Every structure is written in C-alpha cells, then in structure tokens.
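Reviewing the structure listed below.
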Amino acid sequence: MKTLLKEMILDAASAAHKEGILPSPDFSEVVLEEPKADSHGDLSTNMAMQMAKTQRMAPRKIADALIDHLDDKKGIIMRTEIAGPGFINFFIRPAAWHPVLAVIHEKDHQYGRCDLGKGARIQIEFVSSNPTGPLHVGHGRGGAVGDSTANILSFCGFDVQKEYYINDSGRQIQTLGRSVYLRGKELLGETVDFPDTCYQGEYIRDLAGELLEKDGPEIFSEAEAQAIMPCARFAADKIIDGMRADLVDFGVTFDRWFSEQGLYDSGKVAEDIRHFEEKGLIYEKDGALWFRTSDYGDEKDRVVVRRNGQTTYFASDITYHKDKFERGFNKVIDVWGADHHGYIPRMKAAVQASGYDRDRFGVLLVQLVNLLRAGRPVAMSTRAGEFVTLADVVKEVGRDAARFIFLTRHYDSALDFDLDLAKRKTNDNPVYYVQYVHARIASIHRKAATDGLDVGDFVQSDLSALETPEDVVLIKALARYPEAVKTAGTFMEPHRITYYLMTLAAAFHTYYNRHRVLCEDNLKLTRARLYLITAVQTVIRNGLALLGVSAPDSM
RNA sequence: GCGCCUGUAGCUCAGCUGGAUAGAGCAACGGACUUCUAAUCCGUAGGUCGCAGGUUCGAGUCCUGCCAGGCGCGCCA
C-alpha cells in the first residue's frame, strides 16, 4: 500500500513538473507514515513541506498541485485533505487493504521477508562465555538477542553465520584447572587452602568428582604445575558441553564454535604479532609489546604481550577478528555485555589496523539483567559462585517466556526479569498474550471443522464483508509487518518485532471480542473472516519464529 | 577527572532516525463470560518527555551546558 501510494505521489510530482506547476524536478524522497490520530487519515506525507525550499513555493500550494495530479488508477483513495502546515492526508477505501491478505496467504512463511542484505555475508558472534562456569541470566539475554538478530538478518536477505568464541586459553582457564585440582585433593581427604581467587562454585567440586571417577586419583597427587592443564581441559570440555546443552534447551544453536586456543596452536597469534611488528604497529616499551591503537582513535596504546612474555586477551582478539574478515564476511557483529564497552575503541582500531574498514565491525552492547522474584532482587554473587543459571531460569519459566522477556526491551537498556511474573499466566505476561492469539485462531479452525462449516477455498472468498473499522485496523496491522522486520534488521533491534507482535495481538483480541468469526447463517462472512484471521495467525507465527518462540495451537 | 549508556504517566517501558493533540502494559477505579479459550475485551483517570539554552515552519527525537543513575577507564577477561 505504501509503495503503491509513494509511486502515485512521485508520478503526480513529475506530472505537475511537466506542466510547469512545480519548477524543480528535484523531488525529496516521499515519506509516508501512519498518523497517530485517525482523523488524519490512514496515511500521510509531509512531502509538500519538505519540498517547500527546493520548489520555493508555499507547502500548501505544492500539496494542491500534487493532489490535482494524482492518478488513482486502482481507486484506492477515498479522499484526500491538506492539513496543518502542509500535510497531505490520504483516506484509503477499506476494500483497498484487502489485497494484503492475499499476499500473506500466498507468501505464507515467507511473508515479511526482504532483500535488505542482498546476500551479504554477515557473522554474528554472541554469548562467548568463558568456559569456567555455567551460563547465567546475562548470557541468556545475549543469547536471545544474538540468535533473534541472526534470524531477523537472515530473513532480511543476509547470509548469516552464528559463532561462539571459546576463551579456552589464558589465565582464567588455568585458574579453572587449579580450582578443580584443589577440590580433587579435598575429595581425597587432603586439607587444602582454597584461595579466594579460585572459583568457589559447587560445580567445581562436581567436576573434580567426575574427573576422579573417570581417571582415578593419580592426577590429584601429581605436582600442581603438572596437573593443572589436564584438569583444566577436562573441566572446560565438560563445561562447554553443559553450555551447549543449556543453549539447545534455550533454543540457541551455533554454526561454529571457535577455539581461542586454536589460534595459538596454529601459530596465528604469533604470526600476526610478527606481522604487525614489521609494519611498525607493534613496538616494545617497558619490556612489553604495545599495539598502536591510539593511531586509530583509541585513547592510548594497548599491551599485547606482557613483560612476563604472556600474551593478553587483546592479542588473540586481534587475530580472531582479522581471521573473521579473512573468512570473507562483509560484516562482523559481536554481542557483548555492556561492561565491555570500553573495549570497543581498541577493537575497532585493531580491525582498521588490520586493513579493514572499521565500520564493517559492529558491537551490540547488551545491558545487564536484574533478576527479580516477586519484585525483589535475587541475590547473586559470581565470586561466591552463587547465582541463578540460565538453565535454572529456562527450567523454571520455560523457554518461550524466557526468550520473549529478554526481547521485550531494547538491548541497550537494563532489563528487569521477574521470575514470578514470567511464570504468571495472566495479562501482565506478554508472552502468553501473543501466543494466545495463535492458539485462539487454531481453536476457531478446530471449531469450524467440528461444526462442518465449509470453509471452502480461501482465495476465492469474497472479502467485501471485511469493512468494519476493526477489520481495517487488523489488516493495516498485518500490512505493517514487512516494515517492522526491515526496521528490526536495519538497526539490529529484535525488540521491534516483540512490540509489533504485541500490537498485532491487541488488535486481534479486540477483533475477537467484537466480531464472531463463525457465523452459521452467513457463510460468506465466515469465509472472509476465516481468511482474515488465518493471515493473522501466519504473521504471529512468523514473528514469533524470528524471536525463537513457539506458536502453540492450544494453551 | 575522562569516556559510553540511560533519564518519557505512580511502576516497567515504546516512540517508526525531525512531524500534527506524546503512546502501551502493570497498578487504581467501573463494566463485559448460556458464545469460536475471560491467559481476553470495553471504559475512566493519570504528563513541565531530568533542567536550561540553541538549531527551524516544527524538537521526546538534533547541538551545547548542567543535574541524577548505571557501567567502564589493568601488562584481567
């Protein structure tokens, strides 16, 4: 509808220009929007005001000219008006919206798809939690945002790859090994001094127990230096398996799990450091090696090899991101927790120094999650190893509720996640509000079948019966879906889909309460309404799929 | 101190990258189930868009300066 009207307006502008009424052929882009107030019509444009400068005419005069030259071949416009400083308001004939329904039925699962990405290869890396403990709620949000964004981008014509970066190298992994080693000694009856710096969680003891059972006690009697790495490998592998399983339960899968250690094993990190040294981008100072990130917008240079000879996390990250681009991705997106935001300038610098456009690398900074129960904060201490894990949350509230709630806010603002509210099967829980639409419609279909109502061939149904205000509101909402997807893809903001679905759901529930779909005495009306609500069901299902939330047939 | 993010109804948040009279949900109050699922709907009430300037036909949206909150400023990850 919008594109159709846009073309009509542009044609009108050209026609008016040809007749010399509009002096300039330079037409600003037509922006059509849906006015908030119904009295302003179905669609409205501010074009006359935008053009006032280039045309050097009063906006209302331009608006007059445009309206005079409108050629409404299909008869979609009921009437137009010029309002306020120069808005042109279009009132669309109710029946003109009906073709939207046919499009939805025809495209079905593909309705809403667009070609924004034009096949560009994009990689999105998310969660990427260190394999030193279970995933917690914050990772859940990152997972939901990353996975849903990937779905949306894919639906918008990007070739998307989802990746998990495993930080299986460095000091944390050693700490993990040491923690397991010491707990293992405890299990064998030794009294050990378990330092604060080690991981305190109960799961460490469990891992030590598993290792003991698998390989016997020998490893725990070896010297610490000998035992740490085997312990660490065992524990990290177990933890990664656990994370993978938790993510599957959460509906999140990855195309690739990428090992940081692999970058060291293959010598790529060392190779890159050498390479950047030769180019003069890495230099030595105070016994350490520094990367000249400040040449590329960072506030100071950063260490890549410490005085003790160990590389920093940043070193492998440079190689990792360079590797991503070498793999041919046009665009590389990382999803990070907001506490890492200080890291962005140096990462951008590294990308640029590696020879790639810094704008091809982007970061979605996901703000923190406040976990609540009945409105009160749930005490969590990562240090003490006491926290509610993602698996706990999924088990308690379910995958659908968890995913949906993580996506009810822009990722950029902090999120309150109330466990009690997420379980509540009422109105204040938006998940069910949306899913209920799908279930209700499925129920109507069942009823229609039971009652032997011949729903016939939908496409042949006469839609002229769909002309009440509620019909139009609902169809207009459906027509808006492709745009919602496109906007969500453009800005990588999955919450826009969530909000869209809530709005559509509201329109449907209103409709449902006002109009009976199955009217035994009016088959024509019944068919038309079934045609309409089936389209609603399709869009709800498609939208929920982008969020990774199921669309149940009954609740 | 510097940087990033946030500030919109009592609470939690949207606001389509500058449009008309700023919108939802919750909470409050009043209504609607012999009906295709009441996990729903309808109505009422609720606002100095943190504050002050600026840009222009027009600002919640853009710019500057303040105020408040969160986070970050390691040879940690």
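First the proteins, then the strands, lettered A, B, ... as listed; each starts at 1. Only a predicted model underlies this, so the values are computations on that prediction, with no experimental measurement involved.
At a cut-off of 3.5 angstrom, counting only N and O atoms as typed in the model, there is a donor on one side and an acceptor on the other between the side-chain of His341(A) and the base of G3(B). Below the 3.5 angstrom threshold, one finds no donor paired with an acceptor across the side chain of Asp339(A) and the base of A77(B).
The aromatic ring of Phe87(A) does not sit over the base of G19(B); the criterion of centres under 5.5 Å apart with planes under 30° is not met. For A77(B), the base is stacked against the aromatic ring of His340(A), per a cut-off of 5.5 Å between centres and 30° between planes.
Asp400(A) and Tyr432(A) share no side-chain donor-acceptor pair at under 3.5 Å. Side-chain contact of Tyr264(A) with Thr319(A): a donor-acceptor pair under 3.5 Å is absent, judged by distance alone.
Asp286(A) comes within 4.0 angstrom of a nucleotide base, judged by non-hydrogen atoms across all strands.
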Distances under 3.5 Å between nitrogen or oxygen atoms of protein and nucleotides 30-33 of chain B:
none

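Nearest-nucleotide positions on RNA chain B place Thr487(A) closer to the 5' end than the other of Arg171(A) and Thr487(A). Heavy-atom distances to RNA chain B give each of Tyr411(A) and Ala439(A) a nearest nucleotide, and the one nearer the 5′ end belongs to Tyr411(A).
With Tyr164(A) contributing its side chain and Ser129(A) its backbone, the two residues share a donor-acceptor pair below 3.5 Å.
Pairing for U55(B) is absent, judged as Watson-Crick or G-U wobble with the two contacts each under 3.5 Å. C71(B): Watson-Crick or G-U partner is G3(B), with both key distances under 3.5 Å.
A cation-pi arrangement is present between Arg79(A) and Phe91(A), with the terminal nitrogen or guanidinium carbon under 6.0 Å from the aromatic centre and inside a 45° cone about the axis. Cation-pi geometry between Arg440(A) and Tyr512(A) is satisfied (NZ or CZ under 6.0 Å from the ring centre, within 45° of the ring normal).
Distances shown here put every side-chain N or O of Thr312(A) at or beyond 4.0 Å from the OP1 or OP2 atom of G74(B). For the OP1/OP2 pair of A77(B) and a distance below 4.0 Å, the side-chain nitrogens and oxygens of Arg306(A) include at least one atom meeting the criterion.
Look at C41(B): its glycosidic torsion is beyond 90° from 0, and that puts it in the anti range.
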